[in-house]
Every structure is written in structure tokens, then in C-alpha cells.
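Each residue takes its place number in the sequence, starting with 1. Quantities reported herein were computed from a predicted structural model and do not represent experimental measurements.
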Amino acid sequence: MDVLANSLAGLGSFLLYFSMSLAFLMLFKFVYVRITPHDEWKLVKEDKNIAAAIALAGSIIGYSIAIAGAASNSVNLVDFAVWGIVALLAQLIAFVIVRFGFMPKIVERIEAGEIPAGILMAATSVSVGLLNAACMTY
């Protein structure tokens, strides 16, 4: 019985961090689809746009990777929240850099259903998420 109690000793912290992670993930999706000039959620749900689905999925995965890094390296919930916001900003900046720096017509290409544009945006988001998570170490 002691083994089970010891195993479950961290359950409260797990539930707090996991709940905050899910809240941050929902916040990210909410902010991301409003910051981008095209409504990925509408493009995916109503238009069945594969390029938009790939781009949105990549952004969510990239942010999840960054949030995972923040959760595993934070020293408390406030620290986690701060790095969760940093991760959100990093993902938004990545979109802006791709849109204005490397592929100015990426929005139009995703709206048109061009899968390579969706893949490029997804790959950028995942890459930024990985780098973000790796850099959140003390």
C-alpha cells in the first residue's frame, strides 16, 4: 500500500500542471486562429482544407512541445505560466517571420489548399516548438 501511496504522491501536481497545459493549449488555439489573417478553424471544419489542417496541426503540436518543455523545467506554477506565454509568443513570431520574411503569400496559398504551404508552416511551428522546449532549461 505504501508503494501505491508513494506513486500517487505527485498526483496533485500532475493535475495542476496538466490542467494548466490544457488551458494554455486552448488559449493558444484561440489566439493563433485570431492572429492569423485566415480562419484555419473555418477552413478545416467547413471547407475541409487539408493545407489549413496541416498548418494548424503543426502549430498545435509545436506549441504542445514547447509547453511540455516548460512543464518539465519549471520550478513552480508561476514559472510554468511565464514560460507558457513565452512559448505562445514564440509560435506567433514564427508565423510572422514565415509570412513576412520567407513566404509572403503563405496565407493565400493555405487558403487555396496548397499542401506544400501547409507543410512548410507546420514544419516551422514544430521546429520552433522543439527549439523553444530545448531552450527552456536551467
Do any N or O atoms from the side chain of Asn132 and from the backbone of Ala66 form a donor-acceptor pair under 3.5 angstrom? no

Heavy-atom nearest pair, Gln91 first then Phe28, reads CB-CE1, 3.6 Å

Would you indicate whether Ile119, at its atom CD1, is surrounded by more than 12 heavy atoms from other residues, nucleotides or ligands within a distance under 6.0 Å? yes

CD1-CD1 distance between Ile60 and Ile67, expressed to the nearest 0.5 angstrom: 13.0 Å

Side-chain (Asp47) to main-chain (Asn49) donor-acceptor, under 3.5 angstrom: no

In this structure, OH of Tyr32 is separated from OH of Tyr63 (nearest 0.5 Å) by 13.5 Å

Under the side-chain hydrogen bond (donor to acceptor under 3.5 Å, both in side chains) test, which residues partner Glu111, sequence neighbours left out? none

Salt bridge (charged side-chain N to carboxylate O under 4.0 Å, His left out) pairs, two or more places apart, involving residues 113-128: Arg109-Glu114

All heavy atoms of Val126 vs all of Gly58, minimum pair found to be CG2-O, 3.6 Å

Minimum heavy-atom distance Ser21-Phe80, with the two atoms named: OG-CZ, 3.4 Å

Ignoring hydrogens and geometry, is there a side-chain-to-backbone donor-acceptor pair from Ser19 to Leu16 under 3.5 Å? no

Step-by-step side chain to side chain contact (heavy atoms under 4.5 Å, CB included) determination, Phe95 to Thr124: CA-CA 8 Å; Phe95 174 80; Thr124 300; over 6 Å; no

